[in-house]
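Here is the structure we will look at, set down as C-alpha cells.
The figures that follow rest on heavy atoms only: side chains count, while hydrogens, waters and symmetry mates do not.
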Amino acid sequence: GWSMNPQMRLFLTSAYEYSDQDGYPYGIYHAETGKTGKVNYDSPSFYRRNMSNNGLTFEYTTGYIRLSSQTSFQYIEGKQGIDQDFTPEDKYYVTFRHHQRMYSQEANIRSVNDCFYKWQFGLFGFYQDYHQSNDIEYRQLNRETITDVSNPTVGFAIYHQSTLDDILLDGLTATFGIRYDWERIKMENNTRKIVSSDITNDPAIYGKDIYTQITPKFSLRYMLTNKDFIYASVSKGYKAGGFNTTVDEEKDRIFKPEHSWSYELGAKSSFLDQLLSLDVSLFYIDWQNQQISQKRATEQGFKLRNAGESTSKGVEVTVMIHPLSNLNFQLNYGYTHAIFKEYMYDEDKDIDYSGNFIPLVTQNTFSAVTPYNWHVNKGLVDR
C-alpha cells in the first residue's frame with residue numbers, strides 16, 4: 001500500500017501458486033453394499049497447475065465522496081492426466097489442458113458524509129480468454145481423439161445502492177440495491193480423430209449466447225442498545241448459462257442460466273458487558289434451474305445440466321467470548337437442509353432425483369477458533 005497524500009491511496013496485491021498432485025483415487029461404488037471398490041490405475045495420473053492473481057486498487061477520498069478503482073488480472077494454466085477407465089486394463093487415458101486469462105475493471109463512487117442518506121454507484125467489466133484441450137487415447141484400439149475448445153467471454157454490469165437511516169423509527173435502516181448484468185459467451189469446438197496414422201477433422205462447432213439479468217436486493221436493520229441489532233434481507237441471485245465443451249449428445253451442448261431468491265433473518269447481541277456475544281441467522285434459498293455437474297453417458301468426463309428447482313434452508317450460530325482485550329474464543333455451528341424439489345436426472349431412463357439431497361452441501365458444520373494478538377514494537381509489524 002502507498003498513501004500518496006491524505007486523500008489518495010494505492011494498493012497492489014499479487015499472489016502466485018503452484019500445485020503438483022498425484023492422481024485422484026476414484027473407485028467403483030456398489031450401491032447394494034454401500035462400499036467403494038479398490039482403485040485400479042494402470043497408468044500414473046496427475047494434476048499440475050500454475051495460478052497467479054494480481055490486483056491494483058486506487059482510492060481518492062474527499063469530505064463528501066470516495067472514488068475507487070479496482071483492476072485485476074488472473075492467470076491459470078493447468079494440465080491433468082488421468083487413467084479414466086478406472087480398471088486394471090489399459091483401455092483409455094485422458095490428458096486435459098486448460099489455459100485462462102481474466103481481466104476485470106471496476107469503478108465505484110460512494111458518499112462518505114454521515115447523514116441519513118447514503119448512496120453508491122458502480123461499473124464493472126471483464127474479459128475472459130479460456131482454452132482447453134482434451135486428448136483421449138483409446139489404447140486398445142490404437143485410436144486418439146483430440147478436442148480443442150475456445151470459450152471467450154465478455155461482460156459488464158452497472159449497479160446502485162441506497163441506504164436510508166432512521167426511517168419511521170430511530171435506529172431503523174433500509175437498504176435497496178439493483179444491478180444489471182450483460183454477458184456474451186462464445187464457443188468454438190474443433191475435433192480431430194487419429195486412427196493409426198490417418199487424421200480426420202470433424203466440422204467445427206460454433207456457438208454464441210448473450211445473457212442479461214436484473215438482480216435487486218432489499219434489507220432492513222433495526223439497531224437496539226449497545227450496538228445490538230436485528231435484520232432481514234431478500235436478494236435475487238444469478239449465474240449465466242453456457243456451453244458444455246465436450247458432449248455425447250448435442251442436446252447437452254447448452255445449459256441454462258441459474259436464478260435464486262435468498263431470504264435471511266438474523267440478530268447480533270452481546271451480554272455481560274461485552275464479555276459474550278451471539279450471532280444467529282436463519283436463511284432460505286429457492287433455486288430455479290440450478291446448474292449441477294453430471295457424469296457424461298460414456299463416463300469420460302462431466303457436463304453441466306439444470307435441475308428444475310432446489311431449496312436450501314438452515315441456521316448459523318456464532319458464539320464469541322472475550323475474556324481479555326487481545327484474546328477471544330469463537331464457536332461456529334451451521335445446519336443446512338438442501339434438496340432437489342424437481343430434478344429429472346435422465347429423462348430417457350426415467351431417473352428422477354427429486355427429493356434427494358444436493359451433493360457437496362454439508363448438513364452440519366462446526367468450527368472453533370481462538371485468536372490471540374500481541375503488539376510488537378517494530379516499524380513494519382504492529383501485531
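Distance check, rounded to the nearest 0.5 Å: NZ of Lys256 to CG of Asn306 gives 5.5 Å. For the atom pair CG (Asp252) and CD1 (Ile254), the distance works out to 11.0 Å, reported to the nearest 0.5 Å. In this structure, CG in Leu56 is found 7.0 Å from OG in Ser69, a value given to the nearest 0.5 Å. With rounding to the nearest 0.5 Å, the separation of OG in Ser277 from CD1 in Ile321 is 9.0 Å. Here OH of Tyr60 is found 13.0 Å from CZ of Arg66. Values are rounded to the nearest 0.5 Å. Taken from CE in Met187 to CG in Asp209, the straight-line distance is 10.5 Å, to the nearest 0.5 Å.
Below 30°, between 30° and 60°, or above 60°: for His98 and Phe96 the angle between ring planes is below 30°, a parallel geometry. By the 30° and 60° cut-offs, the orientation of the rings of Trp119 relative to Phe121 is tilted. Below 30°, between 30° and 60°, or above 60°: for Tyr343 and Tyr353 the angle between ring planes is above 60°, a perpendicular geometry. Ring geometry for Tyr284 against Tyr263 counts as tilted: the plane angle lies between 30° and 60°, on a 0 to 90° scale.
Gln330 has its side chain within reach of Thr318: a pair of non-hydrogen atoms, C-beta onward, lies under 4.5 Å apart. Between Phe255 and Arg305 there is no side-chain heavy-atom pair separated by less than 4.5 Å. You'll find the side chain of Phe340 reaches within 4.5 Å of the side chain of Ile292, heavy atoms only. With contacts defined as side-chain heavy-atom distances shorter than 4.5 Å, the pair Val149/Thr147 qualifies. Ile358 has its side chain within reach of Trp287: a pair of non-hydrogen atoms, C-beta onward, lies under 4.5 Å apart. Side-chain contact between Phe243 and Lys186: absent, with no pair of heavy atoms (C-beta onward) separated by less than 4.5 Å. Counting only heavy atoms from C-beta outward, the side chains of Phe46 and Lys79 approach each other to under 4.5 Å. Counting heavy atoms from C-beta on, the side chains of Asn108 and Arg110 come closer than 4.5 Å.
Looking at Ser45 and Asp83, their side chains never bring a donor and an acceptor atom within 3.5 Å of each other. A side-chain N or O of Gln105 and one of Thr71 form a donor-acceptor pair less than 3.5 Å apart. For the residue pair Thr61 and Glu59, no side-chain donor N or O sits within less than 3.5 Å of a side-chain acceptor on the partner. Remark: the Ser235 side chain and the Ser262 side chain contain no N/O donor-acceptor pair separated by less than 3.5 Å. Between the side chains of Tyr117 and Ser162, a donor-acceptor pair is found at a separation under 3.5 Å. Side-chain contact check for Asp181 and Tyr159: no donor-acceptor pair (N or O, by modelled atom type) lies under 3.5 Å. Asn190 and Glu188 are linked by a side-chain donor-acceptor pair at a separation below 3.5 angstrom, with hydrogens and angles left out of the test. A side-chain donor from one of Ser52 and Asn54 sits under 3.5 Å from a side-chain acceptor of the other. A side-chain donor-acceptor contact under 3.5 Å links Asn364 and Tyr333.
Leu278 and Tyr335 fall within the same hydrophobic cluster, defined by Ile, Leu, Val, Met, Phe, Trp and Tyr side-chain heavy atoms under 4.5 Å apart, directly or through other members. When the side chains of ILVMFWY residues are joined at heavy-atom separations under 4.5 Å, either directly or via intervening members, Phe126 and Ile76 end up in two distinct hydrophobic clusters. Side-chain heavy atoms closer than 4.5 Å link hydrophobic residues (I, L, V, M, F, W, Y) into clusters, and following such links, possibly through other members, connects Phe329 to Trp374. By the rule that hydrophobic residues join a cluster once side-chain heavy atoms approach within less than 4.5 Å of another member, Leu172 and Leu265 end up as members of separate clusters. Residues Ile185 and Tyr206 do not share a hydrophobic cluster, clusters being chains of Ile/Leu/Val/Met/Phe/Trp/Tyr side chains in contact below 4.5 Å.
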### Message
The test is side chain to side chain contact (heavy atoms under 4.5 Å, CB included); show your working for Ile146 and Ser133 and say whether it passes.
### Response
CA-CA 7 Å; Ile146 302 174; Ser133 173; 4.1 Å; yes
### Task
Evaluate the criterion side chain to side chain contact (heavy atoms under 4.5 Å, CB included) for residue pair Tyr238 and His259; output intermediate values, then yes/no.
CA-CA 5 Å; Tyr238 164 74; His259 301 85; 3.8 Å; yes
### Message
What verdict does the side chain to side chain donor-acceptor pair (under 3.5 Å) test give for Glu17 and Ser19, after you've listed the backbone C-alpha separation in whole Å, the side-chain angles of each residue and the deciding distance to 0.1 Å?
### Response
CA-CA 7 Å; Glu17 176 187 306; Ser19 61; 4.6 Å; no
### Message
Run the side chain to side chain donor-acceptor pair (under 3.5 Å) test on Tyr211 and Gln213 for me, step by step, so that the C-alpha distance in whole Å, both residues' side-chain angles and the decisive distance to 0.1 Å come before the verdict.
### Response
CA-CA 7 Å; Tyr211 302 96; Gln213 186 65 39; over 6 Å; no
### Stepwise side chain to side chain donor-acceptor pair (under 3.5 Å) check, Asn189 with Thr191
CA-CA 7 Å; Asn189 185 311; Thr191 299; 3.2 Å; yes
### Task
Test Trp182 against Val154 for side chain to side chain contact (heavy atoms under 4.5 Å, CB included), laying out the working first.
CA-CA 9 Å; Trp182 181 94; Val154 62; 4.1 Å; yes
### Message
Before you tell me yes or no, could you show the steps for Ile230 and Leu220 under side chain to side chain contact (heavy atoms under 4.5 Å, CB included), namely the whole-Å CA-CA distance, both residues' side-chain angles and the distance that decides it to 0.1 Å?
### Response
CA-CA 8 Å; Ile230 57 176; Leu220 286 173; over 6 Å; no
#### Entry: Tyr16 and Asn50: CA distance, side-chain angles, deciding distance, side chain to side chain donor-acceptor pair (under 3.5 Å) verdict
CA-CA 8 Å; Tyr16 171 76; Asn50 289 282; 2.4 Å; yes
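In this structure, Arg9 forms no cation-pi arrangement with Phe11, as its terminal cationic atom is not both closer than 6.0 Å to the ring centre and no more than 45° off the ring axis.
For an aromatic pair to be called close, the ring centres must be under 6.0 Å apart, and His160 with Phe176 fails this. Note: Phe73 and Tyr103 meet the aromatic proximity criterion, with ring centroids under 6.0 Å apart.
Checked for salt-bridge contact, Asp165 and Lys118 meet the test: a charged N lies under 4.0 Å from a carboxylate O.
Looking at Tyr93, its side chain does come within 3.5 Å of a backbone N or O of Pro44 through a donor-acceptor pair. Using a distance-only test at 3.5 Å, with no hydrogens or angles considered, no donor-acceptor pair links the side chain of Ser111 to the main chain of Asn113. Under the 3.5 Å distance criterion, the side-chain polar atoms of Asn326 are matched with a main-chain donor or acceptor of Asn373. No side-chain donor-acceptor contact under 3.5 Å links Asp90 to the backbone of Gln140.
Nearest heavy-atom pair, Ile351 versus Met344, reported as atom, atom and distance to 0.1 Å: O-SD, 3.2 Å. Between Ala338 and Val361, the shortest heavy-atom contact is CB-CG1, 3.9 Å. For the pair Val315 and Phe283, the tightest heavy-atom approach, listed with the atom from each and the gap, is N-CE2, 3.7 Å. When all heavy atoms of Ile285 and Ser260 are compared, the pair lying nearest together is CG2-CB, 4.2 Å. Closest approach of Thr362 and Thr336 over heavy atoms only: O-CB, 3.7 Å. Residue Lys268 comes nearest to Met320 through the heavy atom pair NZ-CE, 4.1 Å, listed as atom of the first residue, atom of the second, then distance.
Checking each of Met102, Arg101, Gln74 against Gln128 for a side chain to side chain contact (heavy atoms under 4.5 Å, CB included) leaves exactly one that passes, namely Met102.
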